[in-house]
Asks: 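Supplied in structure tokens, the structure appears directly below.
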Amino acid sequence: MVKPNFFDKARILVTGGAGFLGSHLCERLVDEGHYVICLDNYFTGTKRNIYHLLDHKNFEPIRHDLVNPIFLEVDEIYNLACPASPIHYQYNPVKTVKTAVMGAIHMLGLAKRVKAKILQASTSEVYGDPTVHPQKETYWGNVNTIGLRACYDEGKRCAETLFFDYHRQNRVNIRVVRIFNTYGPRMHPNDGRVISNFIVQALRGEPLTIFGDGSQTRSFCFVDDMIEGLVRMMNGPDDFLGPVNLGNPGEYTIHEIAQEIIRLTGSKSRLELLPAPMDDPKRRRPDISLAKERLGWTPKVDLEEGLTRTIQYFRELLSRA
Ligand code: NAD
Ligand code: UDP
């Protein structure tokens, strides 16, 4: 019998594949020899992120909005489609909830039908403004259900619920990772996230906008480390469904991040204090002992190296603009 096309390869669907994390993931999976279908509605992602893959024989982009169902034949699904930066997910909050919840339902339905393994890109935002520090997976979180961040936080929490219910009810083979703040090349220059904002402001000689007094903390993971964690989780043991924290436990105040970016760019920019946004979490740091133990995963790229590589990316991007 003649073998149908590409069935000797794993067919992997990456939703949100033209975004920051998704494009790095597509690249990694194509490099490993898999057949990658990249699904995106280009809300925050861009074709520029995947230009270099478009001609590859094992890469196939599809323009599709995940709030609608789609029928495909795949072996694995990485579900990343969802705006991730506060200004983007608050732009159309109802759509954000639909993407997180309807998107999860449609992808879980697909996984159930074709018996695909499916990984959900959840978030540290499920912990809200945490009262436990650092955050372990056993912490249930502290989210304001009616605040400006709730469309994202509650959407992602509901998606986790759906993943575990599809697993219990329909035996879908799931994986859930809780991603902490991740940065690196291909972040959107206008997405308002702190690292991209500060680097772009520093390179343009504009003031670095600190929201609040800058004492709030975050822990920043370089993109290469995050992609390694996602792939390890997808390929990890079948009895380890998560949720598992993935992030770099190095914790910095936003003020320290601003000063470090000024130092590394050699910028003369000053700092400007602006009002804090609603429900801005005050502290965030992952406890990653579970990922270390079950996946043998630990981040390798320190803040100085990661920022240097990200600054280089934005320097080139801005010089072309
Ligand atoms: P991103 O905005 O760069 O990527 C999201 C992608 O999803 C974009 O390409 C966007 O166009 C696409 N998308 C949005 N809505 C869609 C829809 N309805 N249908 C189809 N595609 C849609 O963000 P990112 O940082 O790459 O985040 C990717 C995933 O990781 C998200 O699910 C996010 O919640 C999660 N995450 C990221 C971080 C981080 O720090 N980067 C932290 C926690 C969780
Ligand atoms: N932040 C800031 N200035 C900016 C952008 C963000 O001070 O120009 C702060 C923001 O208030 C938050 C932290 O940096 O306390 C991280 O914000 P980001 O949007 O990157 O991620 P998240 O809040 O989702 O963790």
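Order of listing sets the numbers, starting from 1, for every ligand and every atom in it. All of these numbers come straight from a predicted model, not from anything done at the bench.
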Asks: Just need the protein heavy atom nearest to atom 18 (P) of ligand 2, so name the residue and atom and give the distance.
Replies: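 Protein heavy atom with the smallest distance to atom 18 (P) of ligand 2: Val194 N, 3.9 Å.
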
Asks: Specify the protein heavy atom at minimum distance from atom 36 (N) of ligand 1: its residue, its atom name, and the distance to 0.1 Å.
Replies: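 In this structure, atom 36 (N) of ligand 1 has Tyr152 OH, 3.9 Å as its nearest protein heavy atom.
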
Asks: Note the single closest protein heavy atom to atom 8 (O) of ligand 2, along with its residue, its atom name and the distance in Å.
Replies: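 Scanning the protein heavy atoms, the shortest distance from atom 8 (O) of ligand 2 goes to Asn197 ND2, 2.8 Å.
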
Asks: Could you tell me whether Pro86 and ligand 2 have an N or O pair separated by under 3.5 Å?
Replies: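 No: no nitrogen or oxygen of Pro86 is under 3.5 Å from one in ligand 2.
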
Asks: Identify whether NZ of Lys or CZ of Arg in Arg11 sits under 6.0 Å from the centre of the six-membered ring of Tyr35 and within 45° of that ring's axis.
Replies: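 Geometry flag: not set, cation outside 6.0 Å or 45°.
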
Asks: Determine whether the aromatic ring centres of Tyr252 and Phe220 lie less than 6.0 Å apart.
Replies: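 Centroid separation for Tyr252 and Phe220: 6.0 Å or greater.
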
Asks: As a check for students: among Cys82, Gly19, Gly45, identify the option with a heavy atom nearest to atom 7 (O) of ligand 1.
Replies: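 Nearest option to atom 7 (O) of ligand 1, by heavy atoms: Cys82.
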
Asks: Closest by any non-hydrogen atom to atom 11 (O) of ligand 1: pick that one out of Ile195, Asp40, Val126, Ile62.
Replies: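 That would be Asp40.
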
Asks: Return a yes/no value for Thr123: is any of its N or O atoms, backbone included, closer than 3.5 angstrom to an N or O of ligand 1?
Replies: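 Between Thr123 and ligand 1 (N or O atoms, distance only) the closest approach is not under 3.5 Å.
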
Asks: Does Lys156 reach ligand 1, in the sense of a heavy atom lying below 4.0 Å from it?
Replies: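 Yes.
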
Asks: How far is atom 9 (C) of ligand 2 from its nearest protein heavy atom, and which residue and atom name does that atom have?
Replies: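 For atom 9 (C) of ligand 2, the nearest protein heavy atom is Gln216 NE2, 3.9 Å.
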
Asks: For atom 11 (O) of ligand 2, grab the closest protein heavy atom and report residue, atom and distance to one decimal in Å.
Replies: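 Here the closest protein heavy atom is Asp280 OD2, 2.6 Å.
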
Asks: What is the closest protein heavy atom to atom 23 (O) of ligand 2, and at what distance does it sit?
Replies: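 Checking every protein heavy atom, the shortest distance to atom 23 (O) of ligand 2 gives Arg149 NH2, 3.0 Å.
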
Asks: Against ligand 1, does Glu125 come closer than 4.0 Å with any heavy atom?
Replies: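 It does not; every heavy atom stays at 4.0 Å or beyond.
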
Asks: Would Leu66 count as being in polar contact with ligand 1, using the rule that some N or O on each side must be under 3.5 angstrom apart?
Replies: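 Checking ligand 1 against Leu66, an N or O pair does fall under 3.5 Å apart.
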
Asks: Do any N/O atoms on Tyr89 end up under 3.5 angstrom from N/O atoms on ligand 2?
Replies: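 By distance alone, the answer is no.
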
